[in-house]
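Please read the structure below before turning to the comments.
Remember, it's a predicted structure, so these values are computed and weren't measured experimentally. The first residue in the sequence is number 1, and the count goes up from there.
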Amino acid sequence: MSDDLSARRAAYVATIRGMHRKERLLGFVACLIGVLVLIWGREVAGAPAWAAPTGLLVIGAGWLLFAYVIVRRTRYVRTHPFDPQS
């Protein structure tokens, strides 16, 4: 009985971790690109003036995607709590 419960709990956790995987990856990539553009805009002498603000905006967009995923996963967990009796 305990093995069945732990297997179901592991499946529930795997389902939650798998939610919005593409959005999380896109947010991570956006943050990386934003950091690279920001470094390029501040450190390279010939970089255009728009590079640093654009880097900050892209980093902010990546973090907004992370926040979106957190809110969506929290809503899912609240509406679908783990019920060992089901």
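Applying the under-4.5 Å side-chain rule to Ile, Leu, Val, Met, Phe, Trp and Tyr, the cluster around Leu57 consists of that residue alone. Through direct or indirect side-chain contacts shorter than 4.5 Å among Ile, Leu, Val, Met, Phe, Trp and Tyr, Tyr68 is connected to Val69.
Considering only residues two or more places apart in sequence or on other chains, Val44 meets the side chain to side chain contact (heavy atoms under 4.5 Å, CB included) condition with Trp40, Ala47.
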Distance-only donor-acceptor hits, side chain of residues 14-32, under 3.5 Å, sequence neighbours excluded:
residue	atom	partner	partner atom	Å
Thr15	OG1	Ala11	O	2.8
Arg24	NH2	Arg17	O	2.5

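Considering only heavy atoms from C-beta on, Ile59 comes within 4.5 Å of Leu38 through its side chain.
Residue pairs meeting the ring pair (Phe, Tyr, Trp, His ring centres under 6.0 Å) criterion with at least one partner in residues 44-67, sequence neighbours excluded, are Trp63-Phe66.
Both Leu56 and Ile39 belong to a common hydrophobic cluster when Ile, Leu, Val, Met, Phe, Trp and Tyr are linked at side-chain heavy-atom distances under 4.5 angstrom.
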